[in-house]
Amino acid sequence: MTERELTAFFEDLHRHPELALEEERTTALVRRALTDAGIPVYPSGLPTGLIAVIEGTGPGRVIGLRADMDALPVQEESGLSYASEEPGKMHACGHDFHTACMLGAALEIKRREKALRGTVKIVFQPAEEVSKGGETVARQAILRDVEEFYAGHTYPAFPAGTLGVKPGPVMAAPDGFTIRVRGKGAHAGDPHQGVDPIPAAAALVLSAQTIISRFKNAFEPAVLSFAHFQAGNTWNIIPEEALLEGTLRTLNQEVRKNIRARLNALTESIALAHGCTADIQWMIGPDPVINDERLCGEAAKVAQGLGFAVKQQDDTMIGEDFSEYLKICPGAFIRVGTGGGYTNHHPKFTADERALWPAAQFFAELALRRANADD
Ligand code: NI
């Protein structure tokens, strides 16, 4: 596949975004491109997503590359000539770029197959946006022997030609919670006849921030956001219940566990103090993504050798299920500068196509180099 053909492949994916667990067309296109190039696809039985395997001449290491494939429920406003043709769906996080990039890398590795000693396994993962795909795919038996895992992600803050390589925590653990505070409904003119859940819920929202400011070590990053507060439906009735939803973002498992326990305790005790009852339910997200320091060094070396500028990206408390693969082996989650001026998930998000071919070459070179490495 030439650069122009790979760019056309990316544009085609961009025109036809598919939401999490619906990536059927994308899977079929990738499968066909791999098969046409003589790259075997592992019979994973996954309804969407796939794993390709390129075996070298041996002996060598087993290297994993991972792309995610799913789009978002966003109405595109990019104005691109190849904008989404699916109403309400958009590749607003650049997963089309990731898919095309790792396909390009797979084809390049295949082209240089004779120079490959180890094995490269290329994962095209569904359902990253709903934190479901990584766990399912990483459990596949074929990935058990992978020794190093690499992934790339579009990064609007850097222009094409720049890669963000940073050791340590680079993506947060995104946990969600739902709290129900239950009181007793009453006429709003006679509040003493009921138990009002609204002041209890309001007190909880305010007190919860003291977990971040007073309880947690100031040198450990954490975010606790309430994003949804709902109670009642009119002006003169005290409701039975208040509903709160929000998210906890952490980079450290111990901090994560302690804050969760603290919010559980606050929920119970503040509800009690107001004469209410409450329960909290957690949606436990993927672990934080922690980049391996040595492998970041290897990736930076390869990037510089190919003429990329290498920088450290800004920290973020957004989550990523690439951490599921880092339970198998160490790895690095690398930011690919794609410019554009709008953040990921924005309706005007774009990825600079000029970044695509070089990124594919970079991941191919990195995988080849590491698969053949003796260290
Ligand atoms: Ni993404």
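Keep in mind the model is a prediction, meaning the values are calculated, not measured. Counting convention: from 1, in listed order, for ligands and their atoms alike. Basis for what follows: all heavy atoms, side chains included, without hydrogens, waters or symmetry-related copies.
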Taken in chain and number order and not counting sequence neighbours, the residues that satisfy salt bridge (charged side-chain N to carboxylate O under 4.0 Å, His left out) with R262 are none

Does E293 have more than 12 heavy atoms from other residues, nucleotides or ligands lying within 6.0 Å of its CD?
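Open: at most 12 neighbouring heavy atoms sit under 6.0 Å from CD of E293.
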
Next on the checklist: I'd like to verify the contacts: list protein N, O or S atoms under a distance of 2.8 Å from the Ni ion (ligand 1).
Outcome noted: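 Less than 2.8 Å away from the Ni ion (ligand 1) sit C93 SG, H95 NE2, H153 NE2.
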
The reported gap from CZ in F322 to OH in Y150 (rounded to nearest 0.5 angstrom) is 9.0 Å

| said: I'd like to know if E135 pairs up with K327 as an ion pair, taking the criterion as any Lys NZ or Arg NE/NH1/NH2 lying under 4.0 Å from an Asp or Glu carboxylate oxygen. | reply: no

Salt-bridge criterion met for D314 and R335 (N-O under 4.0 Å) |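 Judged by the 4.0 Å cut-off on N to carboxylate O distance, D314 and R335 do not form a salt bridge.
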
With no hydrogens and no angle check, do the side chains of T119 and E55 hold a donor and an acceptor under 3.5 Å apart? no

